[in-house]
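One structure is given below, encoded as structure tokens.
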Amino acid sequence: MKKIRLIQQIAEEGVVAVLRGDTAEEVVRMAEQAIAGGIKVIEVTMTVPFALRAIEQLAQQYSSAQPGADNYAIIGVGTVLDPETARAAILSGAEFVVGPSLNPATVALCNRYRIPVMPGVMTVQEIQTALELGVDIVKLFPGNLYSPSMIKAIKGPLPQANIMPTGGVSLANLGEWIKAGAAAVGIGSDLTSEAVKTDNFGLIAEKAAQYIAAYREAKGK
């Protein structure tokens, strides 16, 4: 039941912060600001040095809170290439797993432990394979290679597919993606780049609030 609940919560929150940084400490700071701004789904990528340390700290800090609480967030892991990495992240507290591509062994491991897994896909064939493996949400990646109309095209033959575009999603086009039928969106460097450049991490909270406002407007909330 926990897996179902998490998938529902991720879809309800609608915006996933994909965080990359030079250190685990930097990514923790990013996550704290994104959560303060209203983004409650955090993906710490495994390209971050000592990423598991960041996941463990954030999971201890946020994952026990109830939805709606100020200190509530769902902490997951991204850029997972193999099941070994997925299992290590799960043991560190990751509640969902995201990959840049479809790795059947990683999906099998996540299914074994009832952890939501969102593999990266680019084609209808990959999406069909993911569905057959039991994936609930696929990550359309890199999203900047497509327009929002791609979701309608995919949902023609595969209306049951839940699609999360990641890469290239911005404040300018988030509404288009949601209205086209995206189950959620992943936000990357647009959320954090200015804050890192100026060493003003409060900008992340401000940008996060703008993303949440744009999402709610698109959903009519």
Side-chain angles (χ1 to χ4, degrees), residues 2-11 13-35 39-65 71-121 130 133-143 162 164-167 169 183-189 191-192 204 208:
K2 183 179 180 182
K3 177 185 176 183
I4 295 171
R5 177 177 57 82
L6 281 170
I7 292 168
Q8 290 173 334
Q9 288 172 341
I10 291 168
E13 294 293 342
V15 180
V16 179
V18 182
L19 302 181
R20 302 182 187 275
D22 294 329
T23 67
E25 292 75 18
E26 182 180 55
V27 167
V28 168
R29 288 177 64 198
M30 290 177 179
E32 289 171 342
Q33 291 298 319
I35 293 165
I39 296 179
K40 300 299 186 178
V41 187
I42 304 297
E43 176 189 328
V44 177
T45 66
M46 286 302 296
T47 53
V48 177
F50 300 103
L52 296 181
R53 183 188 299 167
I55 291 169
E56 184 173 357
Q57 180 176 338
L58 291 167
Q60 290 174 344
Q61 192 169 340
Y62 293 102
S63 293
S64 62
N71 64 332
Y72 164 75
I74 302 170
I75 308 301
V77 61
T79 320
V80 173
L81 305 180
D82 47 58
E84 295 83 3
T85 303
R87 183 61 176 146
I90 291 166
L91 290 172
S92 294
E95 295 187 278
F96 65 90
V97 172
V98 183
S101 62
L102 177 59
N103 182 281
T106 300
V107 174
L109 180 133
C110 292
N111 286 340
R112 182 179 307 133
Y113 294 104
R114 309 308 297 153
I115 297 293
V117 56
M118 295 176 271
V121 296
L133 290 170
V135 171
D136 294 289
I137 300 175
V138 294
K139 179 177 80 166
L140 186 64
F141 178 78
N162 296 309
M164 179 179 74
T166 302
V169 179
V185 295
I187 310 299
S189 60
L191 180 66
T192 60
I204 295 175

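Index from 1, following the sequence.
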Look up atom [atom1] in [X] and atom [atom2] in [Y], then write down how far apart they are to the nearest 0.5 Å.
X     : Y      : atom1 : atom2 : answer
Glu13 : Ile42  : CD    : CD1   : 10.0 Å
Ile75 : Gln60  : CD1   : CD    : 11.5 Å
Asn71 : Gln61  : CG    : CD    : 8.5 Å
Ile90 : Ile115 : CD1   : CD1   : 4.5 Å
Ile7  : Ile74  : CD1   : CD1   : 10.5 Å

Closest heavy-atom contact between [X] and [Y]?
X      : Y      : value
Ala34  : Ile204 : N-CG2, 3.7 Å
Phe96  : Val16  : CZ-CG1, 4.5 Å
Gly21  : Val27  : N-CG2, 3.6 Å
Tyr72  : Lys40  : O-CD, 3.1 Å
Gly93  : Ile55  : C-CG2, 4.1 Å
Leu191 : Ala17  : CD2-CB, 3.7 Å

Could you tell me whether the side chain of [Y] reaches within less than 4.5 Å of the side chain of [X], counting heavy atoms only?
X      : Y      : value
Leu81  : Asn103 : no
Tyr113 : Asn111 : no
Thr106 : Val80  : yes
Val41  : Val15  : no
Leu102 : Leu133 : yes
Glu95  : Ser63  : yes
Pro116 : Val97  : no

Val107 and Val135: CA distance, side-chain angles, deciding distance, side-chain contact (heavy atoms from CB on, under 4.5 Å) verdict: CA-CA 7 Å; Val107 174; Val135 171; 3.8 Å; yes

Stepwise side-chain contact (heavy atoms from CB on, under 4.5 Å) test for Val44 and Leu58: CA-CA 10 Å; Val44 177; Leu58 291 167; 3.9 Å; yes

Any sub-3.5 Å donor-acceptor pair from [X]'s side-chain atoms to [Y]'s backbone N or O?
X      : Y      : answer
Gln57  : Arg53  : no
Ser92  : Ala88  : yes
Asn162 : Asp136 : yes

Side chain to side chain donor-acceptor pair (under 3.5 Å) partners of Arg5, counting only residues at least two apart: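 Expected list: Gln9.
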
Test log, rule side-chain contact (heavy atoms from CB on, under 4.5 Å), inputs Ile10 and Met118: CA-CA 11 Å; Ile10 291 168; Met118 295 176 271; 4.2 Å; yes

Name the atoms and distances for all side-chain donor-acceptor pairs under 3.5 Å in residues 45-52, with sequence neighbours left out.
unit_1	atom_1	unit_2	atom_2	d
Thr45	OG1	Leu19	O	3.2
Thr45	OG1	Thr47	OG1	2.9
Thr47	OG1	Arg20	NH1	2.9

Check against side-chain contact (heavy atoms from CB on, under 4.5 Å), Ile187 and Val18: CA-CA 6 Å; Ile187 310 299; Val18 182; over 6 Å; no

